[in-house]
Amino acid sequence: MKALVTGGAGFLGSHLCDLLLSKDYEVICVDNLITGNMQNIAHIKADRFSYINHNVTKPLYLEEEIDFLFHLASPASPIDYLDLPIQTLKVGALGTHNMLGLAKEKGARFLLASTSEIYGDPLVNPQSEEYWGNVNSVGPRGVYDEAKRFAEAITMAYHRNHKLDTRIVRIFNTYGSRMRLDDGRVVPNFIGQALRGEDLTVYGDGSQTRSFCYVSDEVEGIYRLMMSDYTLPVNIGNPEEHTILEFAKIILKVTGSNSKITFKELPVDDPKQRRPDITKARKLLGWEPVVSLEYGLEETIKYFRRILRK
Ligand code: NAD
Ligand code: UDP
Ligand code: UDP
C-alpha cells in the first residue's frame, strides 16, 4: 500500500511517516519546508520512503498510484500563521483543492488534518464535533481558522459530489519531539525557557485552558480514523484540561527548573478554553490517549535538551 503525506517534513507529518513505515507502507512525503525541516526525516533510511519538494498550492501530477493521501501541509503554530497569513489561506484553500484533485485522480482515500481552531473561542466546553464554533473571520487568527473551515467544506463537497472517500480529523494541541524550539507554541516556549533558566512567559493571567496530547497518541488516532469508514469530522486530542498557569508550574516541576513565571499580554482572540469531547473517537475507533502528561513531557524535555546542547 502506498501513502502520500503532505507536510511530511513537519512535526506531526514526520511522526506519521514513521508510523506508516513501521506498518510497511510505501511513503511519499511532499513538503516545501516553509515551516518543516529535512532534519525531521533525515533518520529515515527505508527504500520505501521518498521525498518531493513541492508547494501544494500548485497542482501536483504523479506517475505512481496512491492508496491513501494524508493532507497535513499548513503552518500550524500561531506565530507561523500570523507571519504567513496569505500562504496559510492558500494552503488551506488551493492546497486542499489540489490534493483532493490528486486523490480523485488516483482513487485514493483522502484525510484532511483539520483543527480544534475551527471551534474558534468556543462558547461550550468540552467541544464535541457537533459544535459549530465561534470564529472571528476578520481577526488575525482568522487566516488559519477560516482556511481550515474552507478545507473541511471542500473536503465534504468532494465527498458528496465526486463520491471521494474522505476523512476529517480535528487535531487538538499536540506536543512532542521535532517541534521547533522557536515555533512559539506553549510547549517549546515553556520548556526552552525552563531549560535556559529564563522566565516562563504566561500570556494573560494564565486562566485560559488547553488539553495536551502526546504525538504518538495523536498519530495513532489519525491512522485509525483513516482506516475507519467514518466520513464526518472526528476530534483527536487528550481531554485532560489544564490552565496555562498550572501548565507552567508543571513544566517547572518536570524540568526541575528555578525559572520564575512572568505575565505578558494575551494575544488577540486567544481561545479561553479548549478541551476535546472524544466520545466519537472512543466509540468509532476504539481510541483514547494512553500516554500520561508527565511521561510525554519527560520525553519531549529529553529531546529539547539534546537540541539545546547542539
Ligand atoms: P508543522 O509546521 O511542523 O508542519 C507543517 C508542515 O507543512 C511543514 O513541514 C511545512 O513545511 C509544510 N507545509 C506548509 N505549507 C506547505 C505547502 N504550501 N506545500 C507543502 N508543504 C507545506 O506543523 P504541525 O504541528 O506538524 O501541523 C501539521 C498539521 O496538523 C497542520 O495541518 C496543522 O494545521 C494540523 N494541526 C496541528 C496541531 C498541533 O498541535 N500540532 C493542532 C491542530 C492541527
Ligand atoms: N490536480 C492535481 N493533481 C492531479 C489531479 C488534479 O494537482 O493529479 C489539481 C488540479 O490541477 C486542480 C485540482 O487538483 O487544481 C482539482 O482538480 P479536479 O480535477 O478535482 O477538479 P476541477 O476543480 O479541475 O474541476
Ligand atoms: N501561551 C503562553 N505563553 C507562551 C506561549 C503560549 O501563555 O509562551 C499560551 C497561549 O496564549 C495560549 C496557550 O498558551 O493560550 C496555547 O498556545 P499555543 O500557541 O501553544 O497554541 P494554541 O492553542 O493557542 O493554538
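Ligands are counted one by one from 1 in listed order, and the atoms in each one are counted from 1 as well.
Using a 4.0 Å cut-off between charged side-chain N and carboxylate O, R170 and E152 make a salt bridge.
The minimum heavy-atom distance between N40 and S14, with the atom names listed, is O-CB, 3.6 Å. Contact record, D80 with P75: CB-CB, 4.0 Å, taken as the closest heavy-atom pair. For the pair E117 and P271, the tightest heavy-atom approach, listed with the atom from each and the gap, is OE2-CG, 3.9 Å.
An N or O contact shorter than 3.5 Å links L60 to ligand 2 by distance. For ligand 2, the polar-atom distance check against H162 finds no nitrogen or oxygen pair separated by under 3.5 Å. The shortest N/O to N/O separation between E105 and ligand 2 does not fall below 3.5 Å.
Ligand 2 places these atoms under 4.0 Å from at least one heavy atom of G101: 5 (C), 6 (C), 14 (O), 16 (C), 17 (O), 20 (O). Numbered from 1 in the order shown, with element, the atoms of ligand 2 that lie under 4.0 Å from a heavy atom of K104 read 18 (P), 19 (O), 20 (O), 21 (O). For ligand 2, the atoms lying closer than 4.0 Å to a non-hydrogen atom of P59 are 7 (O), 11 (O).
At a threshold of 4.5 Å between non-hydrogen side-chain atoms, the residues D217 and W287 count as touching.
In summary, of the residues considered (T231, L111, T96), a side-chain contact (heavy atoms from CB on, under 4.5 Å) with T155 occurs for T96 alone.
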Distances under 3.5 Å, N/O of ligand 1 against N/O of the protein: list each pair and its distance.
| from | atom 1 | to | atom 2 | distance (Å) |
| --- | --- | --- | --- | --- |
| ligand 1 | 2 (O) | T35 | OG1 | 2.7 |
| ligand 1 | 3 (O) | F11 | N | 2.8 |
| ligand 1 | 7 (O) | S74 | N | 3.4 |
| ligand 1 | 9 (O) | G10 | N | 3.1 |
| ligand 1 | 9 (O) | D31 | OD1 | 3.2 |
| ligand 1 | 9 (O) | D31 | OD2 | 2.5 |
| ligand 1 | 9 (O) | G36 | N | 3.3 |
| ligand 1 | 11 (O) | D31 | OD1 | 2.6 |
| ligand 1 | 11 (O) | L33 | N | 3.4 |
| ligand 1 | 11 (O) | I34 | N | 3.0 |
| ligand 1 | 11 (O) | T35 | N | 3.1 |
| ligand 1 | 11 (O) | G36 | N | 3.0 |
| ligand 1 | 18 (N) | N55 | OD1 | 2.8 |
| ligand 1 | 19 (N) | V56 | N | 3.0 |
| ligand 1 | 21 (N) | N32 | N | 3.2 |
| ligand 1 | 21 (N) | N32 | OD1 | 3.2 |
| ligand 1 | 25 (O) | R185 | NH1 | 3.0 |
| ligand 1 | 25 (O) | R185 | NH2 | 3.1 |
| ligand 1 | 26 (O) | F11 | N | 3.4 |
| ligand 1 | 26 (O) | L12 | N | 2.8 |
| ligand 1 | 32 (O) | L72 | O | 2.7 |
| ligand 1 | 32 (O) | K148 | NZ | 2.7 |
| ligand 1 | 34 (O) | Y144 | OH | 2.6 |
| ligand 1 | 34 (O) | K148 | NZ | 3.0 |
| ligand 1 | 40 (O) | T174 | N | 2.8 |
| ligand 1 | 41 (N) | R185 | NH1 | 3.0 |

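Both V291 and V187 belong to a common hydrophobic cluster when Ile, Leu, Val, Met, Phe, Trp and Tyr are linked at side-chain heavy-atom distances under 4.5 angstrom. The cluster map of Ile, Leu, Val, Met, Phe, Trp and Tyr, joined by side-chain heavy atoms under 4.5 Å apart, puts F172 and Y230 in different clusters.
Below 30°, between 30° and 60°, or above 60°: for H71 and F110 the angle between ring planes is between 30° and 60°, a tilted geometry.
Expressed to the nearest 0.5 Å, how far CE of M38 lies from CG of N53 amounts to 8.0 Å. The distance from atom CE of M99 to atom NZ of K104, rounded to the nearest 0.5 Å, is 13.0 Å.
When heavy-atom distances to ligand 2 are checked against a 4.0 Å cut-off, H97 comes that close through both its backbone and its side chain.
Listed for the N98 side chain is a donor-acceptor partner under 3.5 Å among the backbone atoms of V56.
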Does K260 form a salt bridge (charged side-chain N to carboxylate O under 4.0 Å, His left out) with E198? I'd like the steps, not just the answer. CA-CA 7 Å; K260 305 271 174 294; E198 299 165 0; over 6 Å; no

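Protein neighbours of ligand 3 below 4.0 Å, counting non-hydrogen atoms: P78, E117, R141, N173, G184, R185, V186, N189, F190, T201, V202, Y203, Q208, R210, I244, P267, D270, R274.
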